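These numbers were taken from a predicted model, which means no experiment stands behind them. Note: hydrogens, waters and symmetry copies are ignored here, and every other heavy atom, side chains too, is used. Order of the sequence lines fixes the chain letters, A, B, ..., with proteins taken first and strands second; residue numbering starts at 1 for each chain.
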Amino acid sequence: MTLRIAVCVKYVPDATGDRGFADDLTVDRDEVDGLLSELDEYAVEQALRISEEADEAEVTVVTVGPDDAKDALRKALSMGADKAVHVNDEAIHGSDVIATSAILAKALEKTGFDLVVCGMASTDGTMGVLPALLAERLSLPAATLLSEVSVEDGVVKGRRDGDAATELLEAPLPAVVSVTDQSGEARYPSFKGIMAAKKKPVEELELDDLDIDEDEVGLAGSWTLVESADARPARTQGTIVTNEDGDGGKQLAAFLASQKFI
Amino acid sequence: MAEILVLVDHADGAVRKPALELLTLARRLGEPSAVVLGAGEATASVAATAAEYGAATVYVADGAEFAEQLVVPKVDALTQIAKEKEVAAVLVTSSGEGKEIAARVALRLGSGLITDAVDLEAGAEGPVATQSVFAASYTTKSRVSHGVPVITVKPNSTAPEAAPAAGKVEDVTVAFTGNAAKVVSRTARVSTGRPELTESAIVVSGGRGVGAAEGFEVVEKLADSLGAAVGASRAAVDAGWYPHSNQVGQTGKQVSPQLYVAAGISGAIQHRAGMQTSKTIVAVNKDPEAPIFDLVDYGVVGDLFEVLPQLTEEIGSR
Ligand SMILES: Cc1cc2nc3c(=O)[nH]c(=O)nc-3n(C[C@H](O)[C@H](O)[C@H](O)COP(=O)(O)OP(=O)(O)OC[C@H]3O[C@@H](n4cnc5c(N)ncnc54)[C@H](O)[C@@H]3O)c2cc1C
Ligand SMILES: Nc1ncnc2c1ncn2[C@@H]1O[C@H](COP(=O)(O)O)[C@@H](O)[C@H]1O
C-alpha cells in the first residue's frame with residue numbers, strides 16, 4: 001500500500017528583509033521577498049527520507065497562501081516531492097492560526113494522507129501551534145518537535161529532545177508530526193529536480209472547494225485582534241571600548257558594577 | 001471577581017518560576033486559580049506555593065496519563081475546568097508544550113489564542129497582551145475577540161510577587177479523551193546546577209568565536225561568577241560544542257534576562273530573535289564591525305579569551 005505523506009509548508013517573508021505590517025495590521029507581504037520557510041525545508045526533507053524508506057510512498061506538499069506561495073511549493077517539488085496542493089482565496093487574507101488550521105485541515109482531508117509532517121514553527125509567526133491544532137481538528141495523535149522520526153509497520157516513532165528530558169514517542173498512523181531543525185540538513189534541489197518540478201501537478205483549491213464559508217476565515221473570521229503594531233525604537237549603540245591596552249575585562253567589570261550587576 | 005485560570009508548570013516537585021510570574025500577572029486581570037496536574041506526591045506542596053502567590057482555588061488532578069501521553073491529558077483537564085467554572089481567561093507558560101496545550105484548549109473552547117505575550121494588562125474588552133514580533137523589531141498589542149481568552153506568556157515577563165490567598169484545594173476527576181501520542185520512555189537531562197536558561201536573570205552566551213567545546217570553559221566560568229545560565233549560538237551548537245537545549249535564537253530559546261553577555265557571536269537576525277528583548281546587552285567580539293555591536297549597551301572589541309577571564313577575575317575580587 002502506498003504511504004501517503006502530506007507536508008505542510010508555509011510561504012513567509014524573508015527574515016533577513018525589513019519585515020513590517022500593512023495598514024490593516026496584517027503581515028506586509030509586498031515589501032519583502034518571500035520564500036519557503038526554512039524550518040519547513042526540514043519537514044520536506046524528513047518526508048522525503050521516510051518515503052525513500054517505504055516500499056511505496058507519495059509526498060504531497062500543501063500550502064495555504066497567496067499567489068506567490070507557489071514559489072514555496074515549487075521549491076519543495078524540486079527537492080523531490082511528488083505533487084502539490086495550493087489553497088488560495090482572496091478571503092483568506094488576514095486569517096489567524098486557528099482559521100488557517102481550519103482551512104489546512106479541510107485541504108488535508110480532501111487530499112488524503114496517512115502521515116502529516118509539519119515544520120516546528122513558521123519563521124514569521126513563530127507560534128509553533130499549527131501541528132497541534134491540525135491534530136485536534138482531525139482527531140489524530142500528534143508527536144511534535146521531533147529531532148528524529150521514522151515510520152515502521154504503520155507506527156510513527158520519534159525522539160523529542162525537551163528541556164527537562166529526552167522522550168521517545170510513538171503514535172499509530174494516521175498521525176501528525178512536526179520536526180525541528182535538528183532532524184537533519186535539508187537537501188538542495190538538483191538541476192534535474194528543478195526541471196522535473198516544472199511538470200509536477202499543482203492542484204489549486206478555493207474555499208468553495210473545501211466547503212468553507214468566507215466569514216469563517218480572514219480578518220473577520222479571526223478570533224484575535226491586533227490593536228496596534230509599533231516599530232520598536234532601534235536599540236542605540238552604547239559605549240564601545242577596545243582591549244588594546246589589555247584592560248577590556250576590567251572596563252567591562254566597571255560597567256557591570258555601575259549597573260549593579262556585580 | 002473574574003476567575004483567571006493558571007496552569008502551574010512544575011518540575012521535580014517544585015513550581016517553576018514562570019508559573020509564579022503567571023499568577024502575579026493573573027492578579028491584574030482578576031482572581032487567580034491554579035491548576036496542578038500530574039504532580040504526584042508533590043501535589044500538596046505545589047498547591048501551597050500556588051496559594052502563596054495568589055491562587056484562591058487550586059484544582060488538582062493526578063494520574064499516570066499525564067506522564068504517559070503527550071499534551072492531550074492536560075488539554076482535557078484544563079478544558080474541563082475552564083468550562084465548568086466559566087473562567088474569564090486561561091494563562092499558560094510559553095514553552096513548546098505550553099503553547100500546544102493552549103492552542104488545543106482554545107480550539108475546544110471556541111476561543112481566540114495569543115501566544116508569547118511579554119506583558120498583560122486588563123482592558124475594557126478583556127486582557128490586552130503585548131507581544132514582541134519579527135525578531136523584536138515590532139511591539140504589538142492584541143486581544144482575543146471571541147470566546148474565553150487563552151494566552152501564553154513568556155518566562156521573565158514580570159517579577160513574581162507573593163500575595164498569599166486561600167488556595168482551597170479542589171480535586172478534579174478528568175475525563176480523558178485519548179488520541180495522544182504515547183511517551184514510550186523519558187530520560188531526564190542531567191542537571192548542570194546552573195539556572196534555567198529562560199528563567200535566569202543573567203545569561204552568558206558563546207558563539208563560533210569560542211572555537212571549540214573546551215573553549216566554553218571561559219564562558220562557563222564567567223557565567224558561574226555571575227550566577228548566570230549559559231547560552232550558545234547555533235553555530236556553536238551545530239559544531240557540537242554545546243547542547244542544543246542551550247541554543248538561543250529563533251530555533252532555540254527566547255530569553256529576556258536583565259543582562260545578556262554575547263561572546264564570540266556575530267549577531268545574526270536569527271540569534272537576535274532570541275535575545276533582543278534583554279534589558280542590558282553586552283558583547284565581546286574581535287571584529288569591530290560585528291552587527292551585535294549595533295544593539296549593545298556596552299561592547300568590548302577584543303579577544304574573548306583575554307577579556308572574559310579578566311572579567312571573571314575582577315568579579316571574583318569584588
Ligand atoms: C532558519 C534558521 C534558524 C536559525 N536559528 C538560529 C538560532 O536559533 N540561534 C542562532 O544563534 N542562530 C540561528 N541561525 C543561524 C544564524 O543565521 C547564524 O548563522 C548564527 O547565529 C551564527 O553564530 P555565531 O554568531 O556564533 O557565528 P559567526 O557568525 O561565525 O560569528 C562568530 C563571531 O565570533 C567572533 N570571534 C571569533 N573569534 C573570536 C575571539 N577569539 N574573541 C572574540 N570574538 C571572536 C567573530 O568576529 C564573529 O563575529 C539560524 C539560521 C536559520 C537559517
Ligand atoms: N499557511 C500555511 N500553509 C501550510 N502550512 C502551514 C501554514 N502555516 C503554518 N503551517 C505549518 O505549520 C507549522 C507551524 O506553524 P506555526 O504554528 O504558524 O508556527 C509550519 O512549520 C508549517 O509546517
Side-chain angles (χ1 to χ4, degrees), chain A residues 15-16 19-21 39 97-98 120 123 126-129 132-133 136-137 139-145 161-171 175 180-182 223-232 235 237-243 246 248-253 255 257 259 261-262, chain B residues 11 70-71 96 99-100 103-104 106-107 111-115 134-147 179-189 202 244-245 250-251 259 269-270 280 282 293-303 306-311 314-315 318:
Chain A
T16 56
R19 295 177 294 179
F21 287 88
L39 293 174
V97 70
I98 298 226
M120 64 186 284
T123 54
T126 65
M127 294 180 81
V129 299
L133 290 171
E136 191 68 37
R137 288 194 184 272
S139 298
L140 295 177
T144 47
L145 301 175
D161 295 315
D163 289 342
T166 291
E167 294 164 328
L168 296 183
L169 304 174
E170 245 180 55
T180 72
D181 60 339
Q182 299 295 299
W223 294 345
T224 46
L225 196 73
V226 180
E227 293 189 328
S228 66
D230 297 303
R232 194 184 168 91
R235 283 189 93 106
Q237 196 182 64
T239 313
I240 307 286
V241 300
T242 69
N243 190 36
K250 287 188 178 149
Q251 295 193 63
L252 189 44
F255 169 76
Q259 302 293 307
F261 287 115
I262 52 177
Chain B
L70 203 65
V71 174
K99 289 203 275 190
E100 288 185 17
R104 286 170 175 251
L107 193 56
S111 293
L113 166 76
I114 292 176
T115 60
F134 295 154
S137 55
Y138 276 81
T139 302
T140 61
K141 285 191 189 286
S142 321
R143 65 181 173 83
V144 169
S145 52
H146 191 279
N179 249 348
K182 201 165 77 186
V183 181
V184 181
S185 76
R186 179 177 280 123
T187 317
R189 201 173 284 284
I202 304 181
H244 180 251
S245 52
Q250 188 195 321
T251 53
L259 171 65
I269 181 83
Q270 295 90 351
T280 300
V282 165
F293 284 128
D294 296 342
L295 15 145
V296 298
D297 295 285
Y298 201 88
V300 181
V301 180
D303 190 331
E306 292 170 20
V307 178
L308 262 47
Q310 190 178 63
L311 174 58
E314 277 293 305
I315 296 168
R318 266 167 208 254

Between [X] and chain B, which part of the residue has a heavy atom less than 4.5 Å away: side chain, backbone, both or neither?
{"X": "Leu252(A)", "answer": "both"}
{"X": "Ala231(A)", "answer": "both"}
{"X": "Gln182(A)", "answer": "side chain"}
{"X": "Thr144(A)", "answer": "both"}
{"X": "Ile240(A)", "answer": "both"}
{"X": "Asp181(A)", "answer": "side chain"}

Choice from [options] maximising heavy atom contacts with chain A below 4.5 Å:
{"options": "His244(B), Arg104(B), Glu306(B)", "result": "Arg104(B)"}
{"options": "Asp294(B), Val71(B), Thr139(B), Ile269(B)", "result": "Thr139(B)"}
{"options": "Ser245(B), Pro309(B), Ser111(B)", "result": "Ser111(B)"}
{"options": "Ile315(B), Asn179(B), Thr280(B)", "result": "Asn179(B)"}
{"options": "Gly96(B), Gly302(B), Ala180(B), Ser185(B)", "result": "Ser185(B)"}
{"options": "Gly112(B), Gly147(B), Ala106(B)", "result": "Gly112(B)"}

So, the side chain of Ser145(B) versus the backbone of Trp223(A): is there a donor-acceptor pair under 3.5 Å, distance only?
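Side chain of Ser145(B) to backbone of Trp223(A), a donor-acceptor pair under 3.5 Å: yes, one is there.
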Just wondering, do [Y] and [X] contact through their side chains at under 4.5 Å, heavy atoms?
{"X": "Leu107(B)", "Y": "Arg137(A)", "result": "yes"}
{"X": "Leu39(A)", "Y": "Gln250(B)", "result": "yes"}
{"X": "Leu113(B)", "Y": "Met127(A)", "result": "yes"}
{"X": "Leu259(B)", "Y": "Gln259(A)", "result": "no"}

Between [options], which shows the greatest number of heavy-atom pairs under 4.5 Å with chain B?
{"options": "Ile98(A), Val241(A), Val226(A), Asn243(A)", "value": "Val241(A)"}
{"options": "Thr166(A), Leu145(A), Val129(A), Thr242(A)", "value": "Thr166(A)"}
{"options": "Ala142(A), Ala143(A), Ala257(A), Ala175(A)", "value": "Ala142(A)"}

Distance in Å, Asp161(A) CG paired with Arg189(B) CZ, rounded so as to fall on 0.5 Å steps
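Between atom CG of Asp161(A) and atom CZ of Arg189(B) there are 6.0 Å.
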If you measure from CG on Leu311(B) to NZ on Lys250(A), what distance do you get to the nearest 0.5 Å?
11.5 Å
Is there a side chain to side chain contact (heavy atoms under 4.5 Å, CB included) between Ile262(A) and Glu314(B) once you walk through the steps?
CA-CA 10 Å; Ile262(A) 52 177; Glu314(B) 277 293 305; 5.9 Å; no
Using non-hydrogen atoms and a 4.5 Å limit, figure out which bit of [X] sits close to chain A: side chain, backbone, both or neither.
{"X": "Glu100(B)", "answer": "both"}
{"X": "Arg318(B)", "answer": "side chain"}
{"X": "Ala11(B)", "answer": "neither"}
{"X": "Val296(B)", "answer": "both"}
{"X": "Leu70(B)", "answer": "side chain"}

Please name the pair of heavy atoms, one in Arg186(B) and one in Ala165(A), separated by the smallest distance, quoted to 0.1 Å.
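Scanning both residues completely, I find the closest heavy atoms to be CG-CB, 3.5 Å.
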Distance-minimising heavy-atom pair for Gly246(A) and Gln310(B)
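Between these two residues, the closest heavy atoms are O-NE2, 2.9 Å.
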